[in-house]
Every structure is written in C-alpha cells, then in structure tokens.
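Step one of this worksheet: look at the structure below.
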Amino acid sequence: MSYQVIARKYRPSRFADITAQEHITGTIQNSLRMGRVGHGYIFSGLRGVGKTTAARVFAKAVNCQRMIDDPAYLKEVTEPCGECESCRDFDAGASLNIAEFDAASNNSVDDIRLLRENVRYGPQKGRYRVYIIDEVHMLSTAAFNAFLKTLEEPPPHAIFIFATTELHKIPATIASRCQRFNFKRIPIGEIQRQLRTICDAEGITADADALQLVARKAQGSMRDAQSILDQVIAFALDAEGAREIRYEKVAELLSYIDDEHFFMVTDAIASGDAAAMLEVAMVVNRNGYDEQDFIEKLIEHFRNLLIIHNLRSSRLIERPEPVKERYQRDASRFDPQAIMAMTDLLLQTQRELKFYSEHQFRFELALLKLIDLSGPVPAQTAEKKKPSEPVAAPVAKTSPKPKAGAEEVKGEGAAGTKGTAGSTGGDAPARLQAADLPPVPPPPPPPPQQRPAAPSGSVQAVMEGDGAPPAFDLGSWKQAFSNFGNNPEPRLPVAAKAPAAPEEPDGQPPVAVLDQLRLEWHRFLEHLTRKGMQVLVSHLHACELLSCSHQGVVMLGCCRKFSFEELLHDSVLLEQEMGEFYRLPLKLQVRYDAERDACTREKTVFTMFQELTESNEVVRYLISEFGGELVY
C-alpha cells in the first residue's frame, strides 16, 4: 500500500477528535440527541480547521445504525460507532448516502440542475442522504439562484452541508436558509499537543521548541501544521535512522528568522550602534531572508515589547519561556511612545518596499532610522520639561530701553546679594531665580510721527487716539508663527499689553488667530491619534474650523449629525486637549451644519432621477407626455 500523508492518516473520525471546535461539535451532538436535525448547514472558517471533517463525521453520525437503534447510546455517547454496516461503508468510501460535491469545478447552472434531479431519490440505507458541497462560494450567481427552491423546501431525507472559507461571498438568500457555524482558528497550544500525539504514534522524538515553531508557522491551521510536520520528518531524520527532530533543523528547513536577530536589532537601537544594525542587515541579505518577512516579524517583536509594557505579563507572547524572560528584561529599555513610532516607520517601510528596486538599500535605511527615532527621545523629553522663560524677558530683549533697564536690575540684584554671598559661601548667585527679579516696565509708545517698525516676534500696541483701544498688528503675529510648525512643542507667543488699555488686566493670555489654528489643525489631529483618541479624530475629520473670536471662542462646524452629537458629549475633553496643544485658553462651540450634511450625504438613484426630472426640460416633457418611469 502506498504511503498515506499525516493529514489523511490522522483525520478525525469522531466529534471528540476534532480539535478546538467544541462550540460546534457540542451543538451538533445536542441536535442529534433531541432529533432536531436541520436540512441546511454552512461551515465557514480558515483553511484546515476541520470544516469538511466535521461535515463527514456529521454525515456518518446521522446514518449510524447503532445511534438509530439504541436510544441510550444516542443520549450518552452521540458518536458514530464505526462498527455498523453504514459506518464501515463510509470508512471504505462505498456509502451511497453521502455525496461530496466540489463547487470550485462544478459551479454552473447545469451542475446544480443535475444535483436537484438526484435529490429526489431517497437513501439506500439509513435515514438521510447528505450532500457536502465544498468551496460553495465558487458557485455562480445563476447557480445559487437555481438552488434556492430546493434548499428552501428539500425532501425530508436530504441534508445539505456547505463548506466555505469566504462566508461573505455567499448570497444572503442562501445563508438565511441555513444554520451557520463559524470555525475558529486553532490555538498554537492545541496544534502543538496534536503534533506531539502524532510524533509519539510515529515513534519520533521532537523538541518542544521545534513543534511550537511548526505550530506558529501553520497560523492556526491544523492541516498546514500536519503537512509541515510531514516535510520536517523527511528533512530532519538522517540516514542513520535517528528519529529525532531538532529546532535547528526545523528553522533551517522553514527559513525561519530566529528571535535572536530581532533582539540584535533592539540591542543596536538601545546602544545607538549603527555598525551593529548594518551587520544585522548583512545577515538578512547573506542568509537569503525576505526583507518584507523580516520587517513583518520585527513588527511582531515590537508588539511583544508593547504587551510587556501594557500587561506587565508575557502570557500573550507565543514564544518559549527563555525568550519570554528576555522580553521581560528588554521591555524596560524602551519607551512605549518610541516603540509606537518605530512600529509606524516599519509599517510605512513595508508598504513602500514593494515599489523600490533596491530593496537592500531601503531596508538598511529603515533600520538606521530606527536608531534616530529612539535616540533623541530622552533629549526631547528633557526639552519639553524645561521651564519657560518669564513673560517680561522677551519684551526686554526687543526694546533698547527695557534692555538697559534689565541690565540695571541685574546689577542691582547682584549688588543686593553681595553681602549675602559673603555670609553663605558665595552660592547665592546660583540660587538667584528669574522670578525674584522685579518686572521690567514696558516701553512707552513712541510718538506717531516717530513710530518705529514693529520688531519681529512681538505684537506692538499702537494708540490710535486718546483713550482708543490698542490695535493688533497681525503681520507680526504671522512672523511669530513662522517657526511654530517646526517646534517640538508648539507654544504661541505672548502678546505684550500696552499700559493705555486699563480695561484689560496685565498678563491676559493672547487670543488665537484662526489661520494659525487651521495651520496646525492636522498636527493637532496627529497629536490626538498618538494619545489613543482615534474615535475622536474620526469625528473631527467631519468638522471645520469656522471662526475664532478675540475672547478665544473657537467655532467648530460639523457636517455629520452623529459626529456632532458625539463631539457635544466630548466637548470638555476636546476643549482641554486644544488648550494643552495650542497653549491658549480656548473655549469650544460645536455647530451642526445641516446644509453641508445634505450636500455630502450619498444620493440614491431615485433622488438623482427626481433632480434630473426637475432640472432637465426634455426629461420632464417625456415623463409628462409619455409617462416615463425609472428603470434600474
């Protein structure tokens, strides 16, 4: 007899042998116990998770003679016995009560018509005739329509079981006539245990790490894992007859990139070693690894580090215990924000790499960029935490008179603390704070005929008459905002207040300029995304900055009713985030723009036909004279 592959040799023949699908096998067994067997079933899920196998066991069980004759066996066991004539015929492939139909190669209306003709005939033995249609989503639309009536009112002896990997391609008219069962992806631990059972039955010794690697490579498919195990056995067993599978042999066969390479990448990032990073790129190129595959695995590596940061546990990391312990140690070397930034870079590189002819060059640049993303993070953090200068300092810097006054104040402070320095060992100047200095008086407004040009980076108040309120020079504001988009932490400039405006208190925060708020709106949305507020950002994409008053009231127009209601609910949070980002005491008002909502809402074909009828004279004449109507 020829060799039989592992996937067929160890195919389950009982409900209890189907791995990790207890929610489906239990439901089918209960329906058999209660006699509530339906006429149509849809089994959907990933490849190799047991759809066709479960359909065959189900077909075998409904015709098992022992389950029909023995109610106690049906209630307590509910498994095909494998000993009656029906079960033996099924195992030998000679049963006429079970028909398997491949929809991938028989997808026409004529094939369904032939199937409908055969459905009329009853079973040869037993109670049911079961039709298993594999890859049912490959049927044509006409074939599905031809099947509707038979599926809705089949003969009492017919059971249809549809197996598919793409449930969304099945028409709703077919799905609504069937019971749907979704087969889930098989966990790695379950696959590893099944592979261990197979190796024990075959008399083969295998490392736990090797079997786990095979299970990870299968990606939740038991059939894939068994096929890979067949290949591994043929590769790993040597000519001397040693029946042993080692991790190194499996990694060599599958071209698996070992986790050590990814730890080399993170070590090079942590130490800022560009030479070590280029060495990793050379190893990838020398061993013939695919750059896309390496980047994908590196993203998974960063994902594992984020899991350690967020869960403080490695239970969701599917790796051997020594590797999990190393993840525990290395996670503290990186900041979560830096890990997310590096992951974004890798995702972008993965998308762009397919469009480059020089993959190696782009791959090396991406690895070196990882060092740049992680290295400056501490410096930027320190820069962000640096205390801001007093408000009076920039004013003293831009006017000659305050600058002289500032020098005098500085000299007086030094003279005033001279005696104290002598008594305390000379460390008083080191403790001198900017807040201890007296405020610098603002310069008096120059005469109108000798008014100098407004200095860059400040707002000059100009008196337009006795008792007139100061007018702001918006041109100087735009100059002050010129470098605003490049700052790591945006901060709006502080406007100097003229002494001739007594109604406004000193130190009042500046008002926002609408153009500059719009200029930084995209960066504000990115700021919210980095903070994990993606839902809020999706609502803000439907909004527009309409106006901004001198009191800092920002009007936000929203063209979607649902987004408008959600933003009203989160207005306090959004107002706080805008104030922190723009460094201004902003107040938020959200307005629903019904006209824009009506314009942007998708129009139906009936609406467009009505508009065409009202606007086009020819169409209006045809409808009125000949009674035209919409046909679609």
Side-chain angles (χ1 to χ4, degrees), residues 257 259 261-274 276-277 280-281 291-319 323-324 326-353 362-385 485-490 520-541 570 573-574 576-578 580-582:
I257 307 174
D259 292 322
H261 294 88
F262 305 119
F263 284 110
M264 291 170 59
V265 171
T266 50
D267 290 343
I269 293 173
S271 59
D273 191 350
M277 189 67 79
V280 174
E291 289 88 355
Q292 290 274 15
D293 187 33
F294 186 89
I295 292 177
E296 184 177 351
K297 297 291 192 305
L298 185 57
I299 293 173
E300 182 185 0
H301 179 73
F302 285 132
R303 170 256 185 193
N304 294 338
L305 294 176
L306 286 174
I307 285 179
I308 299 296
H309 272 288
N310 290 279
L311 296 183
R312 308 296 180 185
S313 172
S314 59
R315 57 186 175 86
L316 294 183
I317 299 178
E318 298 171 340
R319 293 293 188 275
V323 179
K324 290 183 179 180
R326 187 165 182 182
Y327 274 118
Q328 292 276 14
R329 294 193 304 267
D330 288 5
S332 59
R333 304 170 67 185
F334 299 95
D335 187 75
Q337 285 76 16
I339 297 177
M340 290 299 298
M342 291 186 286
T343 304
D344 291 339
L345 173 66
L346 292 176
L347 290 172
Q348 180 182 358
T349 304
Q350 193 177 31
R351 291 191 298 267
E352 296 176 353
L353 199 60
R362 183 74 177 105
F363 177 67
E364 291 173 353
L365 287 181
L367 293 183
L368 293 176
K369 184 65 176 177
L370 295 177
I371 300 178
D372 295 337
L373 288 178
S374 65
V377 169
Q380 290 179 0
T381 305
E383 184 70 21
K384 289 182 179 180
K385 293 183 179 180
N486 298 324
N487 293 335
E489 181 177 1
E520 292 300 317
W521 184 250
H522 182 65
R523 289 191 61 205
F524 174 61
L525 297 183
E526 293 179 350
H527 168 72
L528 294 181
T529 303
R530 288 193 297 269
K531 296 185 69 173
M533 302 180 183
Q534 288 86 353
V535 177
L536 184 60
V537 172
S538 65
H539 293 309
L540 289 175
H541 279 305
D570 297 333
L573 174 63
L574 181 59
Q576 179 183 355
E577 293 294 335
M578 291 181 65
E580 292 179 359
F581 180 81
Y582 289 106

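By convention here, the first residue in the shown sequence is residue 1.
Of all heavy-atom pairs spanning A331 and L305, the tightest one is CA-CD2, 4.0 Å. The two residues A274 and I371 make their nearest non-hydrogen contact at CA-CD1, 3.7 Å. The minimum heavy-atom distance linking A281 with L367 is given by the pair CB-CD1, 4.0 Å. Residues Q350 and I299 approach most closely at OE1-CD1, 3.8 Å, considering heavy atoms. The heavy-atom pair separating P336 from L306 by the smallest distance is O-CD2, 4.0 Å. Pairing each heavy atom of E520 with each of F581, the nearest pair is O-CE2, 3.9 Å.
Distance check: R326 CZ to T266 OG1 gives 6.5 Å after rounding to the nearest 0.5 Å. D259 CG to H301 NE2: the interatomic distance, rounded to the nearest 0.5 Å, is 8.0 Å. Here CZ of R530 is found 9.5 Å from CG of D344. Values are rounded to the nearest 0.5 Å. Within the model, atoms CD1 of I307 and CG of L316 stand 5.0 Å from one another, a figure rounded to the nearest 0.5 Å.
In this structure the side chain of T349 never reaches within 4.5 angstrom of the side chain of L365, judged on heavy atoms. In this structure the side chain of L298 reaches within 4.5 angstrom of the side chain of L370, judged on heavy atoms.
Summarising the local packing, NZ of K324 is surrounded by more than 12 heavy atoms from other residues, nucleotides or ligands at distances under 6.0 Å. The neighbour count for M533 CE, taken as heavy atoms of other residues, nucleotides or ligands under 6.0 Å away, is above 12.
None of E526, Q337, E577 except one satisfies the side chain to side chain contact (heavy atoms under 4.5 Å, CB included) rule with K531; the exception is E577.
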Report task. Check step by step if salt bridge (Lys or Arg N to Asp or Glu O under 4.0 Å) holds for R333 and D267. Result -> CA-CA 9 Å; R333 304 170 67 185; D267 290 343; 2.8 Å; yes
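Residues forming a side-chain hydrogen bond (donor to acceptor under 3.5 Å, both in side chains) with E296 (at least two apart in sequence, or on another chain): none. Applying the ring-ring contact (aromatic ring centres under 6.0 Å, His included) criterion to F302, with sequence neighbours excluded, gives no partner residue.
Between R362 and E291, none of the side-chain N atoms (NZ, or NE/NH1/NH2) sits under 4.0 Å from a carboxylate O, so this pair counts as no salt bridge.
Judged as a side-chain hydrogen bond (donor to acceptor under 3.5 Å, both in side chains), the pairs with a partner in residues 303-317 (not counting sequence neighbours) are, in order, N304-Y327.
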